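Written out below as structure tokens is the structure these notes cover.
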Amino acid sequence: MKKLLILFFIGFTAVLSAQDTGSIVGKLTDKDVGGDEPLPFANVLIKGTSKGTTSDFDGLYELQNVAPGTYTLVFSFVGYETTEIDNVTVEPNKVTTVNVPLGASAAALDEVVITTTTKRDSEVALLLEQKKATTIIQSIGAEELSRKGVDDAAAAVAQISGISQQQGSSDVFVRGLGDRYQNTTMNGLSLPSNDVNKKNINLDLFPSEVIENVSVSKAYNSYFYGDFSAGNVNITSKEYNGPGYFAVSVNSGFNTNAIGEDFVRSEGPSYFGFYNRYDNDPFAVILSHGVDPQKAEGNVGFNGSIEGGYSFNIDDNQRLSFFGTAIFGNGYEFLEGPAVDFTNDVKLRFNNVDWYNYDTNTSALGSIIYNHKDGHKLKFTSLFSNTSTDQVGYYGNEGLGFNRDGFSGEGVDGGFYQMNVQFNQDMIFVNQLNGTHKFEDDKWLLDWGVGFNKVFADEPDRKRISLENYQFFLDDDPNTNAIFYDNIAFDNQRYFQSIEDDELNSYLNLNYKISEAVNLTFGYNGRTKERRFNNWRYGYEILDKEANPVTNPNNLNDFFDVTNINIPNGSGLWNLQVARQPLGLDQYIPLTNRPQPYENTYTGNLDIHAGLVTADIAVGKFLFVPGLRLENWTQEVVYDVINPVPTDTGFRSVQENLLFPSLSIKYGINDDMNIRLAGSQTASYPEFKEVANFVYEGVTQRVGGNPDLLGKADGTGVAYSEILNVDLKYEWFPSSSELIAVGVFAKTIKDPVNRVVATDATGTQRFFRTGDQAEVFGAELEFRKNIVMDADDNPLFSIGGNFAYNNTNQDLKTISTADGFTFGTSFGDRTESELQGASEFIANADVNFSPTFGSYKPKATATVSYFSDRIYALGSGDLGNIVEKAVPSLNFILRNEIGEHFEANLSVKNILNPDVTLIRENTGAEESPLLEPYGLVNADGDVTLLEFQRGINIGLTLKYKL
């Protein structure tokens with residue numbers, strides 16, 4: 001890979017150098033506010049040509065590679081008079097400066113041409129940024145998000161080439177690589193994870209109302225942390241610097257699966273997704289609240305938002321801007337289908353499950369921006385987000401459920417049934433202060449930021465109740481009834497989980513403009529993060545289940561009422577068992593019907609301090625961006641878990657000083673075409689949830705950490721993955737709103753990490769370094785094309801799309817506890833595999849129709865996406881992988897702008913309503929009597945683990961703007 005990288009660089013730098021041309025530069029200002037206020041994103045055009053540009057945030061513009069001659073420049077901005085400047089002379093190898101004030105007042109012009117302006121969040125502006133960028137970057141802005149009906153950042157990045165989103169979740173895959181290979185930032189500052197099972201924050205926490213644009217950098221440069229594999233997602237929060245405005249939006253819609261259902265949700269959480277019992281001990285909550293879900297208020301979703309902004313001049317030199325938005329949204333979803341736990345055989349089988357999902361999102365964002373004409377800017381951003389997911393699941397409600405661990409009754413398959421009532425709340429606070437400062441005629445630029453993040457991620461009071469002989473509840477015989485299933489006390493349980501994260505992060509970059517051709521930057525990044533995790537679990541020991549049959553599974557509160565606890569006189573119906581029994585001086589001290597401190601706990605700490613140096617070096621049509629980053633990485637995790645491996649120390653710690661070189665080369669073929677080449681060495685660090693030896697038990701899946709990812713207990717072993725990256729890309733911008741791009745990429749990952757299904761009876765999925773090396777290579781194609789233009793050269797009918805091919809391959813090896821590892825695994829006769837999370841094919845496409853009828857400006861957009869099969873978890877032993885099957889998606893969005901103030905929008909999403917399916921490959925169970933009669937296994941031995949349809953979502957939005 002290193003030799004290939006060198007050959008790429010040598011071959012690339014052999015391209016011809018630039019011809020002799022000149023440049024036009026200048027600054028656009030607003031003459032109506034003193035003549036010194038920069039005018040960003042105004043249009044600059046060489047009259048009679050298609051050559052043009054827009055001014056940047058500071059009002060600066062540049063027209064490069066202009067052939068020698070005399071031209072007329074046209075300057076325009078919406079609401080301002082267009083200005084034409086004649087006789088602008090361009091000479092070879094020289095820069096012509098033209099500074100122009102624009103105003104709204106009338107001017108003595110021979111001709112006035114009003115053209116469409118661009119905005120900072122528009123597709124045109126972001127394509128311009130991509131064309132000018134020194135490194136490989138792709139972005140999607142608020143304008144495109146609105147046109148495509150994109151609701152949040154997770155759906156936004158899925159519109160970018162090589163990126164796919166897991167259907168019905170916020171999981172995002174970049175170039176076939178999953179969560180552990182990505183990073184997420186906002187305004188250049190790192191964001192925390194709000195989910196114990198993820199490295200990155202859920203991108204659906206960021207509704208489109210708070211997004212100005214989302215950019216994805218799939219090629220590394222020194223400004224990023226060294227933990228960079230597939231890409232960095234950066235969310236730029238919305239800001240405002242124009243006149244005052246206020247907008248109100250309301251949306252209502254329904255899911256075709258949910259609309260006819262009588263919905264239920266967890267008892268305790270509010271309609272708005274908040275839970276008010278965190279101050280109470282879990283033991284007290286159990287004694288005072290039952291297990292039955294409550295009836296929901298309805299099944300029609302609602303979304304409402306308000307937003308506004310205002311700017312004013314403090315004096316002739318200073319401007320202050322404010323922006324704020326607040327939203328609330330909820331949604332109802334009903335799913336039904338089978339769920340199977342297949343480890344080395346069938347452990348659990350539910351032929352039919354009904355899931356009732358209720359989700360909420362409450363978010364608020366505010367920003368204050370200070371601008372000084374001398375080049376000083378401060379931006380304070382504060383984000384609050386509360387999301388909740390409430391799911392009530394009825395597993396085995398047709399009376400055919402199976403549990404291999406045995407039954408008391410003699411019904412068909414025992415009629416195993418479980419009710420799982422689960423609420424998850426994620427609350428996040430993000431506070432950031434960013435600044436930029438220019439000195440000495442813009443030769444020095446100081447760019448800095450500091451942020452503090454706080455996360456509360458809770459799963460309070462999950463209730464899981466198990467019954468057998470459930471088929472008797474469905475017959476007409478009052479003398480036969482279901483009974484409680486209690487192979488162990490924790491088959492009927494209450495579970496509580498709490499995560500709290502604190503993170504302080506910062507960056508500081510000092511840039512010096514040595515000349516027009518050379519910029520040098522020195523910088524620092526720092527990040528300090530701590531996670532605190534605790535969970536509590538209590539099990540119901542049913543004292544005489546035969547004497548207390550379940551006559552109504554929908555009314556269990558009477559049985560689990562506190563009056564039936566087996567204290568103080570021992571005549572109750574159940575005991576409350578504690579999962580963790582502490583060890584006394586000579587024996588275990590049993591804890592029954594009393595509080596426990598916790599079941600499992602861990603604390604994780606991450607500290608990163610890095611220095612960097614990078615440069616932008618222009619040589620003719622070439623731009624070279626070399627970079628070097630030195631990073632000190634320290635990570636440790638301390639955990640205390642139930643039933644630990646005897647050799648496990650409960651502690652892992654690692655400290656490394658790592659060097660990350662990078663080089664990016666851009667060759668400007670002409671004004672509209674670029675060729676880019678990038679190469680780098682990066683790393684992949686393990687996450688707390690991958691390392692902490694804690695097992696989370698879902699109904700049909702168990703996922704646990706592996707401390708060996710940070711090295712063995714004796715301090716030896718591999719602690720991180722080393723990665724080499726190469727990217728080559730060609731870009732063509734036929735017009736300001738069109739793009740054709742094609743690229744190829746390759747990666748080598750040493751000591752890759754994958755999720756693996758254990759071969760033991762539990763089937764626990766853990767993370768292992770499954771081989772010595774993985775290879776990734778692929779190709780990407782992206783295009784945006786205007787098919788029909790209107791009389792003003794605005795796109796009337798346009799299409800866009802991006803397609804990616806990914807090929808991944810890794811070697812597999814046996815990991816043995818005899819070699820000092822905490823956990824072991826093997827892969828039978830298999831010696832290689834694709835990477836977990838990798839789709840071979842990814843595609844996104846859209847068609848847009850935007851006519852104009854006077855003040856009525858509708859926009860109709862259809863979007864389609866697809867990803868092919870990908871591995872969810874590697875199978876160990878002789879059993880196959882767990883695979884997420886391919887999913888296509890089709891959406892239609894109609895935006896109706898009626899006049900200047902009103903919008904009425906219609907969305908129809910998931911029109912194809914495909915099956916969402918998870919299978920276990922090559923199980924050898926093709927003739928299993930537990931699966932085959934129910935259509936849950938095919939002739940190849942592939943077992944259906946999960947399958948459902950999400951339904952079609954139909955919504956109507958009304959928006960009014962003042």
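Everything quoted here is computed from the prediction, not taken from an experiment.
Gln418 places a side-chain heavy atom less than 4.5 Å from the side chain of Val699. Looking at Leu189 and Leu191, their side chains never come closer than 4.5 Å, going by heavy atoms from C-beta outward. Proximity of Tyr866 to Ser889: side-chain heavy atoms (C-beta onward) are nowhere separated by under 4.5 Å. Looking only at side-chain heavy atoms (C-beta outward), Phe688 and Tyr602 come within less than 4.5 Å of each other. Under the 4.5 Å side-chain criterion, counting only non-hydrogen atoms from C-beta, Asp501 is not in contact with Asn453. You'll find the side chain of Thr863 stays beyond 4.5 Å of the side chain of Phe892, heavy atoms only. The shortest distance between side-chain heavy atoms of Ile499 and Arg531 falls below 4.5 Å. Contact of the Trp536 side chain with the Phe283 side chain is not registered, since no non-hydrogen atoms from C-beta on lie closer than 4.5 Å.
Checked by atom type, the side-chain pair Tyr332/Asn357 shows no donor-acceptor distance below 3.5 Å. Side chains of Ser190 and Thr185: a donor-acceptor N/O pair is absent below 3.5 angstrom, by distance only. No side-chain donor-acceptor contact under 3.5 Å links Asn232 and Asn183. Using modelled atom types, one finds a donor on one side chain and an acceptor on the other under 3.5 Å when comparing Glu947 with Thr917. Side-chain atoms of Ser498 and Asp458 include a donor-acceptor pair closer than 3.5 Å. Looking only at atom types and distance, the side chain of Gln422 has a donor-acceptor partner in the side chain of Asn424 under 3.5 Å away. A donor-acceptor contact under 3.5 angstrom links the side chains of Asp390 and Ser266, judged on distance only. In this model, no donor atom of one side chain and acceptor atom of the other lie less than 3.5 Å apart for Asp846 and Thr861.
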Q: Decide yes or no on ring pair (Phe, Tyr, Trp, His ring centres under 6.0 Å) for Tyr358 and Phe263, but give the supporting numbers first.
A: CA-CA 9 Å; Tyr358 174 69; Phe263 249 75; 8.0 Å; no
(Q) Using side chain to side chain contact (heavy atoms under 4.5 Å, CB included), reason through Thr601 and Phe694 one step at a time and then give a plain yes or no. (A) CA-CA 8 Å; Thr601 183; Phe694 157 74; over 6 Å; no
Q: Walk me through it: do Glu530 and Lys454 pass the test salt bridge (Lys or Arg N to Asp or Glu O under 4.0 Å)?
A: CA-CA 10 Å; Glu530 180 173 276; Lys454 184 77 173 181; over 6 Å; no
Q: Run the numbers on Gln425 and Asn386 for side-chain hydrogen bond (donor to acceptor under 3.5 Å, both in side chains), then give the verdict.
A: CA-CA 7 Å; Gln425 180 182 2; Asn386 181 84; 2.7 Å; yes
Q) Does the pair Asn953 and Ser907 meet the rule for a side chain to side chain contact (heavy atoms under 4.5 Å, CB included), with working shown? A) CA-CA 8 Å; Asn953 294 301; Ser907 65; over 6 Å; no
Q.
Please determine whether side chain to side chain contact (heavy atoms under 4.5 Å, CB included) holds for the pair Arg895 and Ile893, giving the CA-CA distance in whole Å, both sets of side-chain angles, and the decisive distance to 0.1 Å.
A. CA-CA 6 Å; Arg895 293 186 60 213; Ile893 298 93; 4.2 Å; yes
Q. Would Tyr395 and Tyr417 satisfy ring pair (Phe, Tyr, Trp, His ring centres under 6.0 Å), going step by step from the backbone distance to the final call?
A. CA-CA 6 Å; Tyr395 292 74; Tyr417 165 92; 8.6 Å; no
Q. Checking side-chain hydrogen bond (donor to acceptor under 3.5 Å, both in side chains) for the pair Tyr394/Asn352: CA distance, chi angles, key distance, verdict?
A. CA-CA 9 Å; Tyr394 299 118; Asn352 185 266; over 6 Å; no
**Q.** Leu894 vs Asn905, side chain to side chain contact (heavy atoms under 4.5 Å, CB included): CA-CA, chis, key distance, verdict
**A.** CA-CA 6 Å; Leu894 177 62; Asn905 305 325; over 6 Å; no
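Residue Val248 comes nearest to Ile306 through the heavy atom pair CG2-CG2, 4.1 Å, listed as atom of the first residue, atom of the second, then distance. Minimum heavy-atom separation, Ser382 to Asn431: OG-OD1, 2.8 Å. Closest of all the heavy-atom pairs between Pro914 and Pro888 is CG-O, 3.1 Å. Contact record, Arg494 with His289: NH2-O, 2.9 Å, taken as the closest heavy-atom pair. The minimum heavy-atom distance between Ala457 and Asp426, with the atom names listed, is CB-OD1, 3.4 Å.
For the side-chain contact (heavy atoms from CB on, under 4.5 Å) with Phe496, the qualifying choice from Ile286, Asn534, Asn535 is Ile286, the only one to do so. Exactly one of Asn844, Asn891, Leu890 qualifies for a side-chain contact (heavy atoms from CB on, under 4.5 Å) with Ser865. That residue is Asn844. Just one of Arg462, Arg702, Arg464 meets the salt bridge (charged side-chain N to carboxylate O under 4.0 Å, His left out) condition when paired with Glu697; it is Arg702.
Judged by the 6.0 Å distance and 45° axis criteria, Arg537 is positioned over the aromatic ring of Phe490. Within the cation-pi definition used here (under 6.0 Å to the ring centroid, within 45° of the axis), Arg265 does not qualify as a partner of Tyr356. Relative to the ring axis of Phe948, Arg950 does not place its NZ or CZ within 45° and under 6.0 Å from the centre.
Below 30°, between 30° and 60°, or above 60°: for Tyr495 and Tyr696 the angle between ring planes is above 60°, a perpendicular geometry.
Under the 3.5 Å distance criterion, the side-chain polar atoms of Ser367 are left unmatched by any main-chain donor or acceptor of Gly324. Judged by distance alone, the side chain of Asp869 and the main-chain N or O of Lys885 form no donor-acceptor pair under 3.5 Å. Judged by distance alone, the side chain of Arg349 and the main-chain N or O of Leu400 form a donor-acceptor pair under 3.5 Å. The backbone N or O of Ser237 sits less than 3.5 Å from a side-chain atom of Asn187, completing a donor-acceptor pair. Remark: side-chain polar atoms of Asn257 are paired, donor with acceptor, to backbone N or O of Phe334 under 3.5 angstrom. With hydrogens and angles disregarded, a donor-acceptor distance shorter than 3.5 Å links the side chain of Asn910 to the backbone of Gly951. Judged by distance alone, the side chain of Asn557 and the main-chain N or O of Val291 form a donor-acceptor pair under 3.5 Å. Asn299 contributes a side-chain N or O that, together with a main-chain N or O of Ile259, makes up a donor-acceptor pair within less than 3.5 Å. A side-chain donor-acceptor contact under 3.5 Å links Asn552 to the backbone of Asn554. With Glu884 contributing its side chain and Tyr872 its backbone, the two residues share no donor-acceptor pair below 3.5 Å.
Distance check: Asn234 CG to Ser215 OG gives 4.5 Å after rounding to the nearest 0.5 Å. Ser839 OG to Arg870 CZ: the interatomic distance, rounded to the nearest 0.5 Å, is 4.0 Å. Remark: Gln493 CD to Asn420 CG distance equals 8.5 Å, nearest 0.5 Å. Of the inter-residue distances, the one linking Leu906 atom CG with Thr957 atom OG1 reads 8.5 Å to the nearest 0.5 angstrom.
Taking the centre of each ring, Tyr470 and Phe416 stay at or above the 6.0 Å mark.
Contact check on Asp461 versus Lys463 returns a salt bridge, with a Lys/Arg side-chain nitrogen under 4.0 Å from an Asp/Glu carboxylate oxygen.
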